[in-house]
Amino acid sequence: MACVVVVGSQWGDEGKGKLVDLLTQQVDAIVRFQGGNNAGHTLVVNDEKFILHLIPSGILHQDKVCYIGNGVIIDPNVLINEFAELNERGISTAPQRLRISDRAHVILPHHIALDKAREAALGEAAIGTTCRGIGPCYEDKAARVGVRMIDLLEPDTLKAKIAQAMAEKSFLLRKFYDTPLPSSDEVWRDYAEYGRILTPYITDVSLELHEAIQAGQNLLFEGAQGIHLDLDHGTYPYVTSSNPVAGSACVGAGLGPQHFSKIIGLVKAYTTRVGGGPFLSELHDANGNWLREKGQEYGSTTGRPRRCGWLDTVVIRQAVRLSGITSLAITKLDVLTGLPMLRICTGYQKADGGLLSYNSASLLIQSECTPVYEDYPGWEEDISTARAYADLPANCQAYLQAITRHVGVPLGYISVSPERNATIVMEHN
Ligand code: IMP
């Protein structure tokens, strides 16, 4: 198995947590490589619901090690609260089980304040960020004024870096956005305390992962968000500030590309998106409400209702190309049960009549396109107990076949209910 990457092929919220949890049983360690606590992975284990924002969901398996790579950005306060919530429920977050990169960047209060202030100032044109400080933290990283986890271990360095990072941003927030910030000394005191708590976790993750691979271990790389929220390849500017494409696992964990052989693309059986930005197959009708209510499509991080629509294979095809996806994991198929008719978007009709089979970089062109649909009859049968492809109703199989036909990649996994064991594993896996 060696290194497997799991990525969302739409706009995030594809139900990654459950597949990652299933695959975790076959690996020694789980690695996160990008994003921060803008992510939210929901898991249902023995009727207990877990929502994790930063720690890989592999933490629920006591014999596995979890890694947070250098490409992730960390709000230490959120991380420490996540420890407490897991510990209360009997899950160990001991440092031997969770290794955090010394090169990962740290979210500071001014990142969150700036994220909120900018979104408020944009009004109608807001990106709809999670307001967790994600963009501003990656900005500071690229501007080379960021604070890294290693800095939390060196109080004097930390003090100087926080003061440097905050000087310009405090001015901007106060003068331009009329938003006050705590003093850099107050921030330093809080973060030095976080550093004291996190010291035993902070390590050279790239080195440890390299050693794990040398020792023959199998690793699972858990992407966050979805490929169409990618800073380079998504629907810019309605994107996140990291790279959720599979290739980012190399940079965000500190490993070479030769280790990665299997890339699993998660595909929700329909489409959702939170925040602004193009979404051609979006529904504003009873079918959209059905998907939202039956699929419980409310953000696990922000609680916002998600925008819902038909499955869009243009989006999936593009994700396959951008990430080298080798098999698909279909999630939430059971949500479609009971809808009399299902539509699959197969291409976009341009204003000039031409057909697009991939997304254009131009938001103008995208806004002038209309989706081209194929219609499929739905199914009424309960599929939640299906454990083999042959158990699925004929109409359901036809829907799945249409997806693979339009996307050109085989199915690897089909999830038929939120329960941990309710997944059909296709034979070739
Ligand atoms: P940010 O990542 O908070 O800056 O938000 C940028 C965009 O990405 C917004 O549209 C968010 O709703 C979206 N986003 C960020 N993280 C997630 C996620 O985990 N699932 C779905 N959408 C996300």
Side-chain angles (χ1 to χ4, degrees), residues 6-20 32-43 50-57 71-75 78 82 105 107-108 110-122 124-142 222-245 248 252 265-268 270-279 282 291-292 295-309 315 319 331-332 363:
V6 176
V7 284
S9 59
Q10 292 152 312
W11 281 284
D13 309 316
E14 292 90 355
K16 233 168 267 131
K18 185 181 149 183
L19 183 79
V20 167
R32 258 198 76 178
F33 55 89
Q34 46 75 223
N37 60 309
N38 46 351
H41 292 172
T42 307
L43 280 163
F50 293 84
I51 300 180
L52 298 171
H53 298 286
L54 263 176
I55 303 180
S57 33
V72 177
I73 52 175
I74 298 172
D75 184 330
V78 170
E82 213 158 271
H105 278 247
I107 297 181
L108 294 163
H110 70 266
H111 296 137
I112 301 168
L114 205 49
D115 200 357
K116 288 180 182 163
R118 282 184 182 150
E119 283 289 279
L122 280 170
E124 287 280 290
I127 293 167
T129 74
T130 57
C131 288
R132 300 296 193 263
I134 305 299
C137 181
Y138 278 118
E139 248 172 79
D140 276 2
K141 175 179 177 175
E222 174 182 7
Q225 289 83 46
I227 288 168
H228 291 270
L229 287 173
D230 188 278
L231 181 61
D232 288 79
H233 300 287
T235 43
Y236 191 90
Y238 299 96
V239 292
T240 190
S241 297
S242 66
N243 292 104
V245 291
S248 164
L266 281 138
V267 175
K268 193 173 337 197
Y270 48 96
T271 311
T272 63
R273 145 159 235 181
V274 248
F279 178 178
E282 183 170 11
L291 296 173
R292 187 173 308 103
Q296 278 303 292
E297 296 297 352
Y298 293 89
S300 49
T301 299
T302 58
R304 288 179 291 179
R306 296 180 183 138
R307 300 159 65 193
C308 297
V315 163
T331 63
K332 301 186 92 165
L363 292 194

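All values below were derived from every heavy atom in this structure, side-chain atoms included, with hydrogens, water molecules and symmetry-related copies excluded. Atoms within each ligand, like the ligands themselves, are counted from 1 in listed order.
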Subject >> Point-to-point distance, once rounded to the nearest 0.5 Å, from CD1 of I55 to CD of E222 >> reply: 11.0 Å

**OP:** Work out whether the distance between some heavy atom of A39 and some atom of ligand 1 is less than 4.0 Å.
**Re:** yes

Original post:
For the side chain of R273 and the backbone of G276, is there at least one donor-acceptor N/O pair under 3.5 Å apart?
Top reply: yes

Subject >> Check: H105 main-chain N/O paired with K141 side-chain donor or acceptor under 3.5 Å >> reply: no

Subject >> Salt-bridge present (D75, R132; N to O < 4.0 Å) >> reply: no

Original post:
At what distance is the nearest protein heavy atom to atom 7 (C) of ligand 1, and which residue and atom is it?
Top reply: V239 O, 3.7 Å

Original post:
In terms of atom number and element, which parts of ligand 1 are under 4.0 angstrom from non-hydrogen atoms of G275?
Top reply: 10 (O)

Original post:
Are any of the side-chain heavy atoms of N38 and T129 separated by less than 4.5 Å?
Top reply: no

Original post:
Quick one: which ligand 1 atoms are inside 4.0 Å of a heavy atom on G128?
Top reply: 9 (C), 10 (O), 11 (C), 12 (O)

Original post:
Does ligand 1 have any atom sitting under 4.0 Å from a heavy atom of R304?
Top reply: yes

Original post:
Are the side chain of H53 and the backbone N or O of A39 linked by a donor-acceptor pair below 3.5 Å?
Top reply: yes

Subject >> Nearest non-hydrogen protein atom, atom 5 (O) of ligand 1 >> reply: T129 CA, 3.3 Å

**OP:** Measure the distance from atom 17 (C) of ligand 1 to every protein heavy atom, then report the residue, atom name and distance (to 0.1 Å) of the closest one.
**Re:** Q225 CG, 3.5 Å

**OP:** Without swapping roles, check the side chain of S248 against the backbone of N243 for a donor-acceptor pair under 3.5 Å.
**Re:** yes

**OP:** For atom 21 (C) of ligand 1, find the nearest protein heavy atom and state the residue, atom name and distance (0.1 Å precision).
**Re:** D13 OD2, 3.0 Å

Subject >> atom 2 (O) of ligand 1: nearest protein contact (heavy atom, Å) >> reply: T240 OG1, 2.6 Å

Original post:
Which of the listed options, L229, N38, I134, holds the heavy atom that is closest to atom 23 (C) of ligand 1?
Top reply: L229

Subject >> 4.5 Å side-chain heavy-atom contact, L291 and T272 >> reply: no

Subject >> Closest approach of any protein heavy atom to atom 10 (O) of ligand 1, naming residue and atom >> reply: V274 O, 3.1 Å

Subject >> Heavy atom of Y238, distance to ligand 1 below 4.0 Å >> reply: no

Subject >> Numbering as shown, the atoms of ligand 1 that approach W11 to under 4.0 Å (heavy-atom distance) >> reply: 21 (C), 22 (N)

**OP:** Can you figure out which of D115, T130, I127, I73 has its heavy atom closest to atom 3 (O) of ligand 1?
**Re:** T130

Subject >> Side chain proximity check, T130 to R304, heavy atoms < 4.5 angstrom >> reply: yes

